[in-house]
Amino acid sequence: MKSPLLSLAVAMIATIALSSCESIASVGSKNRNIRQSPRTYIESMNDYALDIEPEGVTYTIDISTPEGAAKLDKISLKDAEDLALTEAVIKYNCAMLVNPQFTNLMNGKRVLRITVFGFPARYRARPDKVNDSSTPINNRNININISNN
(Lines give C-alpha, C1' and ligand atoms only; values in the text may rest on other atoms or scores of the structure.)
Protein backbone atom coordinates (compact mmCIF):
# COMPACT_ATOMS: atom_id res chain seq x y z
CA MET A 1 0.00 0.00 0.00
CA LYS A 2 1.39 3.34 -1.07
CA SER A 3 1.50 6.23 1.32
CA PRO A 4 -0.37 9.41 0.23
CA LEU A 5 2.57 11.40 1.52
CA LEU A 6 4.94 9.51 -0.80
CA SER A 7 2.62 10.14 -3.79
CA LEU A 8 2.46 13.85 -2.95
CA ALA A 9 6.25 14.05 -2.68
CA VAL A 10 6.72 12.32 -6.05
CA ALA A 11 4.18 14.67 -7.69
CA MET A 12 5.91 17.75 -6.27
CA ILE A 13 9.34 16.56 -7.45
CA ALA A 14 7.98 15.84 -10.93
CA THR A 15 6.33 19.28 -11.11
CA ILE A 16 9.53 21.03 -10.05
CA ALA A 17 11.60 19.03 -12.54
CA LEU A 18 9.24 19.77 -15.43
CA SER A 19 8.95 23.47 -14.65
CA SER A 20 12.71 23.90 -14.40
CA CYS A 21 13.22 22.16 -17.76
CA GLU A 22 10.66 24.43 -19.36
CA SER A 23 12.31 27.60 -18.08
CA ILE A 24 15.75 26.42 -19.23
CA ALA A 25 14.39 25.72 -22.70
CA SER A 26 12.72 29.13 -22.97
CA VAL A 27 15.82 30.99 -21.73
CA GLY A 28 17.92 29.12 -24.27
CA SER A 29 15.57 29.97 -27.11
CA LYS A 30 15.52 33.66 -26.15
CA ASN A 31 19.31 33.84 -26.15
CA ARG A 32 19.49 32.13 -29.54
CA ASN A 33 16.95 34.57 -31.04
CA ILE A 34 18.84 37.58 -29.69
CA ARG A 35 22.05 36.48 -31.41
CA GLN A 36 20.28 35.90 -34.71
CA SER A 37 18.22 39.11 -34.86
CA PRO A 38 19.44 41.74 -37.34
CA ARG A 39 20.61 45.15 -36.18
CA THR A 40 18.39 48.10 -37.11
CA TYR A 41 19.44 51.67 -37.77
CA ILE A 42 17.00 54.57 -37.92
CA GLU A 43 17.94 57.38 -40.25
CA SER A 44 15.85 60.48 -40.97
CA MET A 45 15.69 61.83 -44.50
CA ASN A 46 13.37 64.82 -44.23
CA ASP A 47 13.51 66.71 -47.52
CA TYR A 48 11.29 69.59 -46.45
CA ALA A 49 11.48 72.47 -43.99
CA LEU A 50 8.46 74.16 -42.44
CA ASP A 51 8.21 77.92 -43.01
CA ILE A 52 5.83 79.79 -40.69
CA GLU A 53 4.58 83.20 -41.81
CA PRO A 54 5.01 85.95 -39.22
CA GLU A 55 1.62 87.49 -40.05
CA GLY A 56 -1.45 85.71 -38.71
CA VAL A 57 -4.64 85.10 -40.68
CA THR A 58 -8.29 84.96 -39.68
CA TYR A 59 -11.13 82.91 -41.13
CA THR A 60 -14.80 83.19 -40.08
CA ILE A 61 -17.91 81.15 -40.79
CA ASP A 62 -21.12 83.03 -39.93
CA ILE A 63 -24.80 82.12 -40.22
CA SER A 64 -25.60 85.53 -41.75
CA THR A 65 -24.77 84.08 -45.19
CA PRO A 66 -26.73 81.19 -46.72
CA GLU A 67 -23.52 79.18 -47.15
CA GLY A 68 -22.48 79.76 -43.52
CA ALA A 69 -25.96 78.91 -42.26
CA ALA A 70 -25.86 75.59 -44.14
CA LYS A 71 -22.39 74.77 -42.80
CA LEU A 72 -23.20 75.56 -39.16
CA ASP A 73 -26.66 73.95 -39.12
CA LYS A 74 -26.92 71.34 -36.34
CA ILE A 75 -23.20 70.80 -35.70
CA SER A 76 -21.36 70.88 -32.40
CA LEU A 77 -18.81 73.51 -31.39
CA LYS A 78 -15.94 71.03 -31.85
CA ASP A 79 -17.11 70.15 -35.36
CA ALA A 80 -17.46 73.87 -36.19
CA GLU A 81 -13.89 74.48 -35.02
CA ASP A 82 -12.63 71.60 -37.17
CA LEU A 83 -14.56 72.92 -40.16
CA ALA A 84 -13.23 76.47 -39.75
CA LEU A 85 -9.65 75.19 -39.39
CA THR A 86 -9.95 72.99 -42.48
CA GLU A 87 -11.45 75.76 -44.61
CA ALA A 88 -8.80 78.24 -43.44
CA VAL A 89 -6.03 75.86 -44.50
CA ILE A 90 -7.68 75.49 -47.91
CA LYS A 91 -8.31 79.23 -48.34
CA TYR A 92 -4.76 80.27 -47.45
CA ASN A 93 -3.17 77.34 -49.33
CA CYS A 94 -1.00 76.17 -46.44
CA ALA A 95 -0.12 72.85 -44.84
CA MET A 96 -1.40 73.86 -41.39
CA LEU A 97 -2.21 76.77 -39.12
CA VAL A 98 0.26 77.02 -36.27
CA ASN A 99 -1.20 77.91 -32.85
CA PRO A 100 -4.85 78.10 -33.96
CA GLN A 101 -7.10 80.07 -31.62
CA PHE A 102 -10.89 79.98 -31.84
CA THR A 103 -13.59 82.45 -30.90
CA ASN A 104 -17.27 81.69 -31.19
CA LEU A 105 -20.74 83.12 -30.80
CA MET A 106 -23.38 80.70 -29.52
CA ASN A 107 -27.11 80.74 -28.85
CA GLY A 108 -27.59 77.86 -26.43
CA LYS A 109 -25.98 74.90 -28.17
CA ARG A 110 -26.33 76.41 -31.64
CA VAL A 111 -23.17 77.88 -33.19
CA LEU A 112 -23.85 81.26 -34.80
CA ARG A 113 -20.30 82.23 -35.70
CA ILE A 114 -16.87 80.58 -35.47
CA THR A 115 -13.57 82.34 -36.12
CA VAL A 116 -10.09 80.84 -36.26
CA PHE A 117 -6.83 82.79 -36.03
CA GLY A 118 -3.43 81.25 -36.71
CA PHE A 119 -0.13 81.49 -38.54
CA PRO A 120 0.01 79.76 -41.96
CA ALA A 121 2.82 77.24 -42.34
CA ARG A 122 4.03 75.86 -45.65
CA TYR A 123 6.61 73.22 -46.51
CA ARG A 124 9.46 74.10 -48.81
CA ALA A 125 12.07 71.84 -50.33
CA ARG A 126 15.35 72.00 -48.46
CA PRO A 127 18.42 72.80 -50.54
CA ASP A 128 20.98 70.02 -50.74
CA LYS A 129 23.87 69.98 -48.28
CA VAL A 130 22.73 73.00 -46.26
CA ASN A 131 22.56 73.01 -42.48
CA ASP A 132 19.06 74.37 -42.11
CA SER A 133 18.13 75.48 -38.60
CA SER A 134 14.43 75.79 -39.48
CA THR A 135 14.03 72.02 -39.90
CA PRO A 136 11.22 70.81 -37.67
CA ILE A 137 12.18 68.57 -34.78
CA ASN A 138 9.29 66.20 -35.48
CA ASN A 139 10.57 64.50 -38.66
CA ARG A 140 7.91 62.46 -40.41
CA ASN A 141 10.02 60.56 -42.99
CA ILE A 142 11.97 57.77 -41.32
CA ASN A 143 13.91 55.10 -43.19
CA ILE A 144 14.85 51.92 -41.37
CA ASN A 145 17.87 50.02 -42.71
CA ILE A 146 18.23 46.40 -41.62
CA SER A 147 21.51 44.56 -41.92
CA ASN A 148 22.63 41.13 -40.72
CA ASN A 149 25.87 42.37 -39.16
Side-chain angles (χ1 to χ4, degrees), residues 8 11-149:
L8 181 62
M12 287 178 50
I13 291 172
T15 304
I16 292 171
L18 289 175
S19 65
S20 65
C21 291
E22 184 177 322
S23 65
I24 290 171
S26 66
V27 169
S29 66
K30 287 180 185 175
N31 287 338
R32 188 170 3 117
N33 287 338
I34 289 172
R35 285 192 300 269
Q36 292 177 350
S37 63
R39 296 177 188 225
T40 58
Y41 301 97
I42 297 177
E43 178 183 353
S44 174
M45 302 240 179
N46 194 347
D47 294 332
Y48 297 95
L50 188 65
D51 288 335
I52 301 171
E53 290 186 13
E55 296 296 320
V57 296
T58 303
Y59 184 78
T60 302
I61 302 174
D62 194 346
I63 65 163
S64 63
T65 64
E67 183 180 335
K71 290 177 183 177
L72 294 177
D73 187 37
K74 298 180 183 173
I75 65 172
S76 67
L77 179 60
K78 176 67 176 139
D79 290 340
E81 289 176 352
D82 291 343
L83 178 64
L85 184 60
T86 302
E87 289 189 2
V89 166
I90 292 169
K91 178 182 178 184
Y92 292 106
N93 194 25
C94 57
M96 68 179 79
L97 281 184
V98 176
N99 192 24
Q101 299 172 8
F102 299 92
T103 57
N104 60 61
L105 178 63
M106 309 258 313
N107 183 8
K109 289 188 176 184
R110 184 172 181 216
V111 181
L112 302 177
R113 180 180 21 215
I114 186 80
T115 302
V116 62
F117 171 81
F119 298 92
R122 294 177 180 84
Y123 287 104
R124 66 170 167 82
R126 290 178 49 197
D128 292 330
K129 300 177 185 174
V130 173
N131 185 6
D132 190 0
S133 63
S134 68
T135 302
I137 295 172
N138 183 8
N139 293 328
R140 295 187 185 261
N141 301 331
I142 297 176
N143 294 334
I144 299 176
N145 300 323
I146 300 176
S147 65
N148 288 327
N149 295 336

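Remember, it's a predicted structure, so these values are computed and weren't measured experimentally. Scope of the values below: all heavy atoms of this structure, side chains included, with no hydrogens, waters or symmetry mates. Residues: numbered from 1 along the sequence shown.
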| note | Separation between OG1 (Thr115) and CG (Asp62), nearest 0.5 Å, reads 7.5 Å
| query | Does any non-hydrogen side-chain atom of Val57 lie less than 4.5 Å from one of Leu97? | reply | yes
| remark: Between Ile61 and Gly68 the two heavy atoms that sit nearest each other are CG2-CA, 4.0 Å
| said: Could you report the tightest heavy-atom contact between Leu72 and Leu112, atom names first, then the distance? | reply: CD1-O, 3.7 Å
| field | side-chain hydrogen bond (donor to acceptor under 3.5 Å, both in side chains) partners of Thr58, counting only residues at least two apart | value | none
| task | Return yes when atom CZ of Arg122 has more than 12 non-hydrogen atoms of other residues, nucleotides or ligands closer than 6.0 Å, and no otherwise. | result | yes
| query | With sequence neighbours left out, which residue pairs that include part of residues 73-122 fulfil the ring pair (Phe, Tyr, Trp, His ring centres under 6.0 Å) condition? | reply | Phe117-Phe119
| At what distance, to the nearest 0.5 angstrom, does OG1 of Thr103 lie from CD1 of Ile114? | 6.5 Å
| request: Under the salt bridge (charged side-chain N to carboxylate O under 4.0 Å, His left out) rule, collect the residues that match up with Arg110, sequence neighbours excluded. | output: none
| note | Nearest heavy-atom approach of Ala121 to Cys94 is O-CB, 3.4 Å
Show me the side-chain donor-acceptor pairs of residues 77-90 shorter than 3.5 Å, one per line, residues at least two apart or across chains.
from	atom 1	to	atom 2	distance (Å)
Lys78	NZ	Asp82	OD1	3.2
Asp79	OD2	Ser76	OG	3.3
Thr86	OG1	Asp82	O	2.8
Glu87	OE1	Tyr59	OH	2.6
Glu87	OE1	Lys71	NZ	2.9
Glu87	OE2	Lys71	NZ	3.0

